[in-house]
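See below for the structure under consideration.
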2 protein chains.
Amino acid sequence: MDTQVRLLDLAEAAMRRHGYGGFSYADIARDAGIRKASIHHHFPAKSDLGLAVLDRYSDRHLTMLADVRITSRLGGQALTRAIEFYRDAMGTGDDLCLLTALANDANALSPAMRDMLARATLATANCFEELLLTGRKDMSISVAGDPAVEATSILALLNGAQLLARAARDITMFDRAIQPIQTRISRR
Amino acid sequence: MDTQVRLLDLAEAAMRRHGYGGFSYADIARDAGIRKASIHHHFPAKSDLGLAVLDRYSDRHLTMLADVRITSRLGGQALTRAIEFYRDAMGTGDDLCLLTALANDANALSPAMRDMLARATLATANCFEELLLTGRKDMSISVAGDPAVEATSILALLNGAQLLARAARDITMFDRAIQPIQTRISRR
DNA sequence: GTCTATAATGAGATAGAC
DNA sequence: GTCTATCTCATTATAGAC
């Protein structure tokens, strides 16, 4: 397989589990079966690797959310599937959504990564807003307040639920935390 | 002032801004005006310093939540004040609640710190549950579902709101994210 | 594109003088 | 309790051979 892609995969996994500052070229090199100097050929600086990982992840993440909306019959189903994505992203409990993981080391990121993180975060919130608008229109999600505010709230809840589950070392904390959203989705 | 206390203060601030892996004895030493070897006299290993910071923070945090409940006339006021604490903890936007910050590097913490983090997180959730029970009894908070679940959800929301605000580089994201909770608190 | 070799820096930690 | 000095190791990064 393409080395570049393999490096991105390994770096993404490492960043989601250990954060941006928590992995080194040595870790990735070991997993990829090459030497760390070889990684510098593909990504001269660590910040280049980090940015490439974030860029690819943002794309996939936003595409996933758009997909989920288009291919779901109702907004509520789309929201359910989006929530499942965040739940699955935790794996056995040690991983986070990349945007969540990077938010924490935000103060240590390069300006380019910080900017991309900010943009991706806002774009994600917008996706959730679209989901809510769809769900409100088709009566599958109860949206009481401003959809933009509700979307931000749901995104924060998903991020916090992942973090809480990791802190408590109990992945079911995620499910408990998001239960109040589930209640607002009509089951049909 | 007591050097030990000063070191705890500086380490706490660093951990909340940069995470556990994101600060070094050299950083703390510079700020404290002593050499890093001197820090080892007070805290032989970094994990000792980290544990001491976490221990002190947990105590203060849980005491604060208990205080807020006791000294508030209504549960809703107590919840409002607890939320304000999380908002104020962000400072100008670069800081997080210590428990939130540590949840992210959980995979890099010593077993003792991991355990304490898990216990403190669960204890915090319990405090919020008590707040909700009080508020439900005095009719100042609308609690629709299981209070234990709602408490977990609110705690996740507060954690996620801090993270989101940092990621988006916009502290008002915190306020937007928590707005749906505010709506459930009766204003009297 | 990958390797060996090597810098350059910073980390956590210890020994022992004052 | 604080210092200087030093150690060991990991980290990011570069140079140059293959």
Side-chain angles (χ1 to χ4, degrees), chain A residues 1-56 101-102 104-114 116, chain B residues 1-56 101-102 104-114 116:
Chain A
M1 207 229 286
D2 187 9
T3 303
Q4 196 132 342
V5 173
R6 204 151 29 103
L7 292 175
L8 287 173
D9 290 342
L10 291 170
E12 179 183 317
M15 285 164 70
R16 288 174 49 189
R17 182 159 303 185
H18 304 291
Y20 178 73
F23 82 99
S24 71
Y25 270 31
D27 301 328
I28 304 299
R30 196 183 325 107
D31 295 345
I34 60 176
R35 300 291 159 161
K36 51 184 182 150
S38 307
I39 304 182
H40 284 284
H41 170 77
H42 300 279
F43 304 99
K46 191 184 178 184
S47 58
D48 297 320
L49 175 56
L51 190 65
V53 168
L54 175 54
D55 189 36
R56 191 184 68 158
L102 288 184
N104 226 293
D105 333 73
N107 293 328
L109 301 180
S110 68
M113 285 188 74
R114 277 194 80 129
M116 190 173 287
Chain B
M1 208 227 288
D2 187 9
T3 302
Q4 195 132 343
V5 173
R6 203 153 26 105
L7 292 175
L8 287 173
D9 290 343
L10 291 170
E12 180 184 315
M15 285 164 70
R16 288 173 49 188
R17 181 160 303 184
H18 304 291
Y20 178 72
F23 82 98
S24 72
Y25 270 32
D27 300 327
I28 304 299
R30 194 183 328 104
D31 294 345
I34 60 175
R35 302 289 159 161
K36 53 180 183 157
S38 308
I39 303 182
H40 284 284
H41 169 76
H42 299 280
F43 304 100
K46 192 184 178 185
S47 57
D48 297 320
L49 174 56
L51 190 63
V53 168
L54 175 54
D55 189 36
R56 190 185 67 160
L102 289 184
N104 226 293
D105 333 73
N107 293 329
L109 301 180
S110 68
M113 283 188 76
R114 279 195 81 130
M116 190 174 286

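Every chain is numbered from 1, with letters handed out A, B, ... down the list of sequences.
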**OP:** Apply side chain to side chain contact (heavy atoms under 4.5 Å, CB included) to A:L51 and list each qualifying residue two or more places apart in sequence or on a separate chain.
**Re:** A:A112, A:M113, A:M116
Subject >> Taking every non-hydrogen atom, the tightest pair across B:L7 and B:A32 >> reply: CD2-CB, 3.9 Å
Tell me: [atom1] of [X] to [atom2] of [N], nearest whole Å?
X	N	atom1	atom2	value
B:K46	D:dA10	NZ	P	16 Å
B:D48	C:dA13	CG	C1'	12 Å
B:I39	C:dT14	CD1	P	14 Å
A:Y25	C:dT6	OH	P	22 Å

Original post:
Can a salt bridge be assigned to the pair A:R17 and A:D27 using a cut-off of 4.0 Å between side-chain N and carboxylate O?
Top reply: no
Could you list, one pair per line, each protein nitrogen or oxygen that sits under 3.5 Å from a nitrogen or oxygen of nucleotides 1-5 of chain C, together with the distance?
from  : atom 1 : to    : atom 2 : distance (Å)
C:dT2 : OP1    : A:T3  : OG1    : 3.1
C:dT2 : OP2    : A:H42 : NE2    : 2.6
C:dC3 : OP2    : A:R35 : N      : 2.6
C:dC3 : OP2    : A:S38 : OG     : 2.8
C:dT4 : OP2    : A:R35 : NE     : 3.4

Original post:
For A:S24 and D:dA10, is the shortest distance between a side-chain N/O and OP1 or OP2 below 4.0 Å?
Top reply: no
**OP:** Assign A:F43 to base, sugar-phosphate, or nothing according to its heavy-atom contacts below 4.0 angstrom with the strands shown.
**Re:** nothing
Original post:
Under a 4.5 Å cut-off applied to non-hydrogen side-chain atoms, are A:E12 and A:R56 in contact?
Top reply: yes
Original post:
So do the side chains of B:F43 and B:L8 get within less than 4.5 Å of each other, counting heavy atoms only?
Top reply: yes
**OP:** List the steps, then state whether side-chain contact (heavy atoms from CB on, under 4.5 Å) holds for A:Y25 with A:L49.
**Re:** CA-CA 10 Å; A:Y25 270 31; A:L49 175 56; 3.7 Å; yes
